[in-house]
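Take a look at the structure below.
Within every chain, numbering begins at 1; the chains are lettered A, B, ... in the order of the sequence lines, protein sequences first and strands thereafter. It should be emphasised that the depicted structure is a prediction, and the values quoted were computed from it without experimental measurement.
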Protein chains: 4
Amino acid sequence: MIRGAVALFKEKGFHRTTTREIAKEAGFSIGTLYEYIRTKEDVLYLVCDSIYEEVLERLSALPTQAGTLEGLKIAIRHYYLLVDEMQDEFIVMYQESKSLSKDELNYVLNKELEMVAIFENILHACRKSGECKLSEDAVKLAAHHLVVQGQMWAFRRWGLHHDIKIEEFIKVQTTFFLQGIQGNGGKA
Amino acid sequence: MIRGAVALFKEKGFHRTTTREIAKEAGFSIGTLYEYIRTKEDVLYLVCDSIYEEVLERLSALPTQAGTLEGLKIAIRHYYLLVDEMQDEFIVMYQESKSLSKDELNYVLNKELEMVAIFENILHACRKSGECKLSEDAVKLAAHHLVVQGQMWAFRRWGLHHDIKIEEFIKVQTTFFLQGIQGNGGKA
Amino acid sequence: MIRGAVALFKEKGFHRTTTREIAKEAGFSIGTLYEYIRTKEDVLYLVCDSIYEEVLERLSALPTQAGTLEGLKIAIRHYYLLVDEMQDEFIVMYQESKSLSKDELNYVLNKELEMVAIFENILHACRKSGECKLSEDAVKLAAHHLVVQGQMWAFRRWGLHHDIKIEEFIKVQTTFFLQGIQGNGGKA
Amino acid sequence: MIRGAVALFKEKGFHRTTTREIAKEAGFSIGTLYEYIRTKEDVLYLVCDSIYEEVLERLSALPTQAGTLEGLKIAIRHYYLLVDEMQDEFIVMYQESKSLSKDELNYVLNKELEMVAIFENILHACRKSGECKLSEDAVKLAAHHLVVQGQMWAFRRWGLHHDIKIEEFIKVQTTFFLQGIQGNGGKA
DNA sequence: AATGAATGAGATTTCATTCAT
DNA sequence: GATGAATGAAATCTCATTCAT
């Protein structure tokens, strides 16, 4: 059901997708759909939750080379490939989550923070091992920065994909980021 | 009318805002609203268009110090302050524009590209003057990068604003970006 | 609208009557119906309220011969004729009011008490003038008794109307009631 | 099952009670419920029927002192106590029976007439023995009167129970009724 | 015999849009 | 020009009933 709903939400947005369409796409009747959910919003919640689960699971499964730039590069690469692979899901997740109820939105934003935290941890490790020059305070922002750069690949597909391919994108952005966290502030 | 609509869209989203509410907020009747627009979607289009107009106008009004890093810094600063000032507008613009019709969306995405182009031009100038080391190909991506980083301030307010203030954010991000476009790829 | 709704509720009951039917019967569209009401239950509330208003108004308009049995008889007669005339309304009022919300039900029960109070006042006056032998405590119950006897004409039409006509009914019940409040307890 | 259904109907009314709830309350599955009934309305029919059966059975079990006022008093007392004990059942029976199909409603109204007939018979006996002065024609109406007065205890609990207790109610109403059927029309 | 997942007709309610005044 | 009452298509959600297991 969730796969089908993602596809529909991607195509028409949450509000323009009807519960009947969701049911049909999932292969059962409207009545059966409502055996599994209570309200239409539940579908959105399930969709967002399941996407985050998959993303977090796959990011957590990374071989950790704690504290090395190499490990960071691998993590970035994994994440960017994930965004590439799950473009539709990422777009739905960020464009529609605003329609969740307050509680559900908070829950989902926490998942987002978990995602950010994965990179925070990697950056902290690099900081401790001296492989990057970020200040303690800058780590969190850098992690957000990294996460947003990945999402950019999904959100700006219309402006990027016909100029550059994913591998090149990863390479450029990774270089960019590493310079950002290592350079001397552009003053040398 | 547009101001009122932005406020409503921000609060409840485009779909949950009724035309009655838009008319009321604007201070005239539903009948009169339909003297100005043809469909509800027109309101969204007008909103997006007006926001882009304002952003582009204010960005274009920059004192250009073509080809210097100083000029780039000033432009970044202006843009980020603009995002800060127009947070609601930015959020609405990017979260709701998906509800536009194909044609309208294309029109709006062109405006977005104009915005990107402003930074592309600045970066090109810096490249020519030798003040930055970006390759020709990398300029466009870097401009997107810059634009997205600014939007981040609006979209991630929930995760950023209580950790960092706008001035500090501008400083860190500017440094970051300048290192990114000048450094040696983190290999030194 | 209210007249139409009473007819429908009488025929099919509140729950089996659809909002579309109510709108159609009232001569406007479903959309227009919802300009006047917020929920279907509002229709029931309006119906009950309007019936009570009419009943109370017509009962209050009685020429009062305070404190005489003659005045009491006139009141009873008026009330019974009212029940006869508004049979459908009485049946709807008492059979469907249970579907009102707690607050609305309380409001409606208060109207019922007002109706009872009209007879309480008449009986109190008779008591003071010595025209009836009821004890102070028995007045309220006697008033309820009277009101219920009237309703009986509407509720038991299936069992009564082909044995007895309204005028005869009024005569017998009035006699009955007057004996009840004047007799010596059946012990003479 | 019937006990559970009465409780549910009392609490929420027939229409607001779902078949799932009826099954659950009865302790078996919805599938099994439909082994015993054909439609939801059957439940209502069974409920009404079973209540009437119980009422009639218990009223018939009275020690008959045919033709005496004492016997009549005992019958009234039994009936009123029955109403008190089975308040919920009485309320459901009279408020929901309108939802029965025509045939079922007729069947149920016949049971109601049987109930009335019990009192008719007692009153006829009293008439023949000279213990009451009712005319032949008035007997049926008096019986209805008596039955309705008892129901009043259930239907008007909200207006009566905190002013008067059941024993006092029985006493007053019995006296009232006996005066009604014995007095001289309030003309003495 | 018992179960409960599946069905889908049908109910309430909303709201963009029109048009007579 | 301005209004807002009226419209009705369309959306969400419920629930009596069935039937394969």
Looking at residues at least two apart in the chain, or sitting in another chain, which of them share a salt bridge (Lys or Arg N to Asp or Glu O under 4.0 Å) with A/Lys10?
A/Asp88
Are the side chain of D/Arg16 and the backbone N or O of C/Ser99 linked by a donor-acceptor pair below 3.5 Å?
yes
Does any residue of residues 26-45 of chain B have a heavy atom under 4.0 Å from DNA chain E, and if so, which ones, in number order?
B/Ile30, B/Tyr34, B/Thr39, B/Lys40
Do D/Glu89 and D/Arg3 sit within salt-bridge range, that is, some charged N less than 4.0 Å from a carboxylate O?
yes
C/Tyr36 and C/Phe28: aromatic ring centres closer than 6.0 Å?
yes
Nucleotides bounding contact with chain B, strand DNA chain F, heavy-atom threshold 4.0 Å
F/dA2 to F/dA6
Quick one: does NZ or CZ of B/Lys40 land under 6.0 Å from the six-membered ring centre of B/Tyr45, within 45 degrees of the ring axis?
no
Secondary-structure stems, DNA chain F, at least 3 Watson-Crick or G-U base pairs under 3.5 Å:
E:2-21 with F:2-21
Suppose we screen for salt bridge (Lys or Arg N to Asp or Glu O under 4.0 Å). Which residues come up paired with C/Glu21, at least two apart in sequence or across chains?
C/Lys12
Contact check, residues 3-19 of chain B vs DNA chain E, heavy-atom distance under 4.0 Å, returns B/Thr17, B/Thr18, B/Thr19
Within-4.5 Å side-chain heavy-atom neighbours: B/Arg157 and B/Ile91:
yes
For C/Tyr52 and C/Glu57, test the side chains for any donor-to-acceptor distance below 3.5 angstrom and give the result as yes or no.
no
Any idea which heavy atoms bring A/Ile2 and A/Leu46 closest together, and the distance?
CD1-O, 4.0 Å
SB check A/Glu41 A/Lys102 (cutoff 4.0 Å)
no
Answer yes when D/Glu53 and D/Arg58 have at least one side-chain N-carboxylate O distance shorter than 4.0 Å, and no when they do not.
no
Apply side-chain contact (heavy atoms from CB on, under 4.5 Å) to the pair C/Phe9 and C/Gln95, showing each step before the final yes or no.
CA-CA 10 Å; C/Phe9 292 171; C/Gln95 289 206 326; over 6 Å; no
